[in-house]
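Single-structure report; data block below.
Starting from 1, each residue takes its place in the sequence as its number. Values in this document were obtained by computation on a predicted structure and should not be read as measured data.
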Amino acid sequence: MSYRFGDLILASEFPCTQLPAVDAAPDCTFVLRRGRAWRPHWEQAWPAVGGEVALVGAREGDAYRLGVPGVAVFSIDATATRIAGAAEGDASAETIEHLLVDQVLPRLLAHRGRLVLHAGGVLTPFGAVAFIGESGMGKSTLCSALARAGHRVLGDDGLVVRPRPDGAPDVLATYPGLRLLPESLHELHGADVPTTPVASGRPKRRVAIGGGAGPAPLRAIYALAESRDVQIHHVRGVDAIMTLVTSSFHLHWNDPVRSRDHFERVAATVHEVPVRRLGYPRDFAALPRVVSAVIEDLAAAAA
């Protein structure tokens, strides 16, 4: 079976329930086996909310291994065209798919020369907007609030940014869907919305949305922050570049050539797309004001 992830076609016998199935030649293959995974000396760690390790990595020449110790390890070959996964113990299918689509594939796509933001995206009448920020800052909740106001959600965890011939960037979601905590689910979607688990032992649930949309012109990037009131401020220059660097996926530590290329893609995006700091109260009652502020900001920029 072949699936679409952003602009990557993945062939996999493992069912990827969150990815749209397509009839197209694959760019990359994924194979999975059950059993003890090879355990290298991990060189890189990505923390999650609360400080626990969400993912670890090791480099072997031009190949990479990513994984969660005791759960699964994914080996990416030097050409970024093959992923071999090893699932340990009783790791559930939902957990394996979560690691594949939310952690491994965004980094593989970045390694293939794409700028992939850890961001939620929404399509408005003025074009697409991206919301970036640390895990737990409310990207999915804000995307849901905009959806309630009539705007189309692209996706809530990964956006591929790629330039058009004129240099202006388009954006498309890595895959359609929303991942929400129970409180946000109840408040924004009601108790009866169908959901599936993100991963074993995780409180977040997946909410299916339409087929998404894209590519669409990217009009603004909002970096989320907490504040007492709704505030939008420009972020410029080096601050804007570093804001995107820290909110993008990569798989190239200790690789100066790929690091430079990644930095140049970020700088080109910042040159074309305004970056804003969006501060807002973490209160469901404030969400309509946040949505209005974002749409008014986009309208003013378009005018």
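Side-chain contact of R276 with H233: a donor-acceptor pair under 3.5 Å is absent, judged by distance alone. Looking only at atom types and distance, the side chain of S75 has a donor-acceptor partner in the side chain of R65 under 3.5 Å away.
For the pair A72 and I96, the tightest heavy-atom approach, listed with the atom from each and the gap, is CB-CD1, 3.8 Å.
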Practice task
Tell me, with the steps shown, if R206 and D102 meet salt bridge (Lys or Arg N to Asp or Glu O under 4.0 Å).
Solution key: CA-CA 12 Å; R206 294 191 190 275; D102 294 322; 3.0 Å; yes
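When the ring-ring contact (aromatic ring centres under 6.0 Å, His included) test is applied to H111, the partners found at least two apart in sequence or on another chain are Y64. Judged as a ring-ring contact (aromatic ring centres under 6.0 Å, His included), and not counting sequence neighbours, the contacts of H118 are F249.
Environment of CG in D229: crowded, with over 12 heavy atoms of neighbouring residues, nucleotides or ligands closer than 6.0 Å. Shown here is E264, whose CD atom has more than 12 heavy atoms of other residues, nucleotides or ligands within 6.0 Å. Counted within 6.0 Å of CG on D90, heavy atoms from surrounding residues, nucleotides or ligands total 12 or fewer; the atom is thus considered open. Within 6.0 Å of CZ on F284 lie more than 12 heavy atoms contributed by other residues, nucleotides or ligands.
Between T269 and L117, the closest side-chain pair of non-hydrogen atoms is not below 4.5 Å. Taking 4.5 Å as the limit, some side-chain heavy atom of T174 sits within range of a side-chain heavy atom of V116. Looking at V230 and P281, their side chains come closer than 4.5 Å, going by heavy atoms from C-beta outward.
Tested against K204, the residues L180, L178, L181 include a single side-chain contact (heavy atoms from CB on, under 4.5 Å) partner, L181.
With rounding to the nearest 0.5 angstrom, the CD atom of E13 is 11.0 Å from the CZ atom of F30.
A donor-acceptor pair under 3.5 Å links the side-chain atoms of E97 to the main chain of T17, judged by distance alone. Checked by atom type and distance alone, the side chain of R34 pairs as donor or acceptor with a backbone atom of A91 at under 3.5 Å.
D156 and K139 are not joined by a salt bridge, as no carboxylate oxygen comes within less than 4.0 angstrom of a charged side-chain nitrogen. Between R4 and D7 there is no salt bridge, since none of the side-chain N atoms of the basic residue sits less than 4.0 Å from a carboxylate O of the acidic one.
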